[in-house]
> 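Sharing a structure below in structure tokens format, with a few things to ask.
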Amino acid sequence: MSRKIRVIVVDDSALVRSLLSEIINRQRDMECIGTANDPLVAREMIRELNPDVITLDVEMPRMDGIDFLGRLMRLRPTPVVMISTLTERGAEVTMKALELGAVDFVAKPRVGLASGLNDLAAQIVDKIRVAAVAQVRRAPVRDAAPAAGSAGSAAVAHAAPAAGLLGRLSTEKLICIGASTGGTEAIKEVLVQMPADSPAIVITQHMPPGFTTSFAARLNGLCQITVKEAVNGERILPGHAYIAPGGTQFHVARSGANYVAVVDDGPPVNRHKPSVEVLFKSAAAVVGRNAFGIMLTGMGNDGAVAMREMKDAGSYNYVQDEATCIVFGMPREAIAHGAADEVLPLGQIAPALIARLRGTTDRLHHRI
């Protein structure tokens with residue numbers, strides 16, 4: 001039998017520590033090797049036991065989870081699953097945790113803690129399994145320049161925005177991005193490089209309700225383009241990026257000459273809501289050869305089949321390479337389905353796309 005995934009639980013609530021330990025120890029492939037009620041206790045335990053994965057609460061005494069995570073990822077990078085409270089502040093802090101290098105998070109219920117955590121048991125252990133195989137990297141020291149040639153990751157430094165505008169482009173062009181585990185930072189790495197006159201961008205990132213609002217707001221403050229949650233029925237405009245609201249399905253439709261957002265309460269697809277498959281399938285049907293597909297880091301196969309449908313309909317597709325993925329599942333499946341035109345390191349995807357768009361602009365000018 002293969003070695004079990006060894007997990008340390010860090011939470012100031014004795015009830016949560018007990019519940020998480022029990023959930024973990026029920027699994028045949030993992031074990032809780034220790035619990036700690038604050039980060040200072042956890043620090044010594046991590047040194048001694050060298051866990052495969054840590055579950056980490058956000059708000060704790062003596063040192064909060066974010067401060068602890070930042071130090072951990074600089075000094076001893078270890079896969080971390082955050083246990084976050086589903087509040088506005090909890091969502092903002094969770095975005096910060098993902099930026100610092102946490103692999104994923106679980107939204108802890110505010111009421112009915114015992115029953116709520118047990119209801120989340122399958123999600124919790126799935127995320128621990130993903131974290132155990134994730135590629136985590138040492139977080140950069142704040143304000144320090146990134147190492148030359150360093151790979152993109154959950155701790156990747158902000159890329160410099162692309163120089164200059166794209167110029168006249170067909171408003172028919174649409175960029176479609178799909179991502180899951182590790183995707184919040186990967187999406188940021190792409191979007192911060194896009195110029196203000198970029199074609200419209202539509203995005204599905206696997207995320208539960210309550211977190212995509214903070215995600216969109218954070219990106220909007222970093223990017224030249226406008227980033228927002230998608231709203232049902234709104235026109236999809238160039239210079240904007242639209243993120244699928246957590247817990248909904250998002251796809252694109254046409255209304256005359258315009259693309260419009262469709263956000264609805266459709267069923268999960270590939271167990272996901274929002275699902276990349278739903279967005280990419282609509283792009284294949286509605287956008288065709290005017291689409292660009294981008295598949296970023298994530299576990300599973302969501303979107304791979306539909307990305308091949310996009311390619312068959314004439315899109316040009318970019319897939320993140322294994323070396324820069326936190327988890328290579330979704331990109332690997334897209335490649336296996338023959339959906340990729342180019343497989344690139346994360347930091348090269350936006351420049352390659354921009355160069356291709358500029359080539360489109362040049363061809364358009366030559367025809368005028």
Side-chain angles (χ1 to χ4, degrees), residues 91 95 166 169-180 183-184 186-188 190-192 194-270 272-296 298 302-303 305-307 309-310 313-317 353 357:
M95 292 301 107
L166 289 171
L169 267 177
S170 167
T171 56
E172 301 267 304
K173 303 295 182 189
L174 188 67
I175 299 163
C176 307
I177 301 177
S180 185
T184 56
I187 289 167
K188 179 184 76 177
V190 173
L191 294 193
V192 296
M194 299 306 295
D197 62 346
S198 164
I201 302 171
V202 289
I203 301 164
T204 289
Q205 158 74 42
H206 295 160
M207 198 171 277
F211 288 87
T212 41
T213 303
S214 288
F215 180 41
R218 176 169 163 266
L219 289 176
N220 190 53
L222 295 170
C223 297
Q224 296 184 66
I225 58 174
T226 298
V227 186
K228 65 189 296 294
E229 277 188 307
V231 175
N232 185 50
E234 72 180 323
R235 184 180 168 194
I236 293 173
L237 298 169
H240 291 65
Y242 303 84
I243 297 173
T248 69
Q249 296 294 11
F250 173 39
H251 62 275
V252 295
R254 287 203 80 115
S255 176
N258 302 316
Y259 297 122
V260 295
V262 181
V263 178
D264 59 34
D265 192 32
V269 174
N270 298 327
H272 295 292
K273 186 177 178 180
S275 164
V276 179
E277 191 79 11
V278 171
L279 179 62
F280 282 11
K281 189 174 281 287
S282 71
V286 173
V287 188
R289 61 185 176 81
N290 285 306
F292 297 87
I294 300 176
M295 186 71 85
L296 301 175
D302 186 35
V305 172
M307 193 178 208
E309 291 178 12
M310 286 178 65
S315 73
Y316 195 87
N317 296 338
L353 171 60
L357 288 167

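All values reported here derive from a predicted model rather than from experimental measurement.
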> Are Asn290 and Leu174 close enough that some pair of their side-chain heavy atoms sits under 4.5 Å apart?
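No, their side chains stay 4.5 Å or more apart.
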> Any chance you could measure Asp264, atom CG, to Asn232, atom CG, to the nearest 0.5 Å?
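Rounded to the nearest 0.5 Å, the CG-CG separation comes out at 7.0 Å.
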> Relative to Tyr259, does Arg254 satisfy both conditions: NZ or CZ under 6.0 angstrom from the six-membered ring centre, and within 45 degrees of the ring's axis?
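Yes, a cation-pi geometry.
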> Rounded to the nearest 0.5 Å, how far does CE of Met95 lie from OG1 of Thr212?
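That separation rounds to 8.5 Å.
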> A side-chain contact here means heavy atoms from C-beta on lying under 4.5 Å apart; do Ile203 and Leu191 qualify?
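A side-chain contact exists here, since the closest heavy-atom pair is under 4.5 Å.
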> Given side chain to side chain contact (heavy atoms under 4.5 Å, CB included), test Thr226 with Asn220 step by step and report yes or no.
CA-CA 6 Å; Thr226 298; Asn220 190 53; 3.8 Å; yes
> Measuring from Glu277:CD to His251:NE2, what's the distance to the nearest 0.5 Å?
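The CD atom of Glu277 sits 13.5 Å away from the NE2 atom of His251.
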> If you round to the nearest 0.5 Å, how far is CD1 of Ile177 from CZ of Phe280?
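One gets 8.0 Å once the value is rounded to the nearest 0.5 Å.
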> Counting N and O atoms only, with roles assigned by atom type, does the side chain of Gln249 sit under 3.5 Å from a partner on the main chain of Pro267, one being a donor and the other an acceptor?
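A pair under 3.5 Å: yes.
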> Would Lys228 and Tyr242 count as a side chain to side chain contact (heavy atoms under 4.5 Å, CB included) here? Give the steps.
CA-CA 5 Å; Lys228 65 189 296 294; Tyr242 303 84; 3.9 Å; yes
> Quick check: closest heavy atoms across Gly303 and Val276, and the distance to 0.1 Å?
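Nearest heavy atoms, Gly303 then Val276: CA-CG1, 3.8 Å.
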> Can you name the nearest heavy-atom pair linking Thr248 to Pro245, along with the distance?
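Nearest heavy atoms, Thr248 then Pro245: OG1-O, 2.7 Å.
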> Drop me the distance from Met194's CE to Gln224's CD, to the nearest 0.5 angstrom.
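If I round to the nearest 0.5 Å, the distance is 10.0 Å.
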> Taking all non-hydrogen atoms of both residues into account, name the closest pair between Val260 and Ser255 and its distance.
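That would be CG1-CB, 3.9 Å.
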> Per the side-chain contact (heavy atoms from CB on, under 4.5 Å) rule, which among Pro238, Ser198, Pro199 passes with Lys173?
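Answer after filtering Pro238, Ser198, Pro199: Pro199.
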> Within the side chain of Asp302, is there an N or O that forms a donor-acceptor pair under 3.5 Å with the backbone of His272?
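Flag not set: sc Asp302 to bb His272 has no pair under 3.5 Å.
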> Run the side chain to side chain contact (heavy atoms under 4.5 Å, CB included) test on Phe292 and Met310 for me, step by step, so that the C-alpha distance in whole Å, both residues' side-chain angles and the decisive distance to 0.1 Å come before the verdict.
CA-CA 8 Å; Phe292 297 87; Met310 286 178 65; over 6 Å; no
> Measure across Gly246 and Glu229 and return the closest heavy-atom pair with its distance rounded to 0.1 Å.
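So the minimum-distance heavy-atom pair works out to N-OE2, 4.5 Å.
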> Please give me the minimum heavy-atom distance between Ala230 and Ala261, naming the atom from each residue.
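Shortest heavy-atom separation between Ala230 and Ala261 comes out as CB-CB, 4.4 Å.
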> Judged by atom type as modelled, is there a donor-acceptor pair below 3.5 Å linking the side chain of Ser214 to the main-chain atoms of Phe211?
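Not confirmed, Ser214 side chain does not pair with Phe211 backbone.
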> Side-chain contact, heavy-atom cut-off 4.5 Å: Val263 with Val231?
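Not in contact.
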> Mind listing the closest non-hydrogen atom pair of Ala200 and Ile236 along with its distance?
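For Ala200 versus Ile236, the nearest heavy atoms are CB-CG2, 3.4 Å.
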> As a quick check of understanding, evaluate side chain to side chain contact (heavy atoms under 4.5 Å, CB included) for Thr184 and Gln205, giving each step before the final call.
CA-CA 7 Å; Thr184 56; Gln205 158 74 42; 4.2 Å; yes
> Quick one: does Lys273's side chain have a donor or acceptor within less than 3.5 Å of a partner on Gly266's backbone?
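Present.
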> As an exercise, state the distance from CD1 of Ile225 to CD1 of Ile201, rounded to the nearest 0.5 Å.
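Reported to 0.5 Å precision, the distance equals 4.0 Å.
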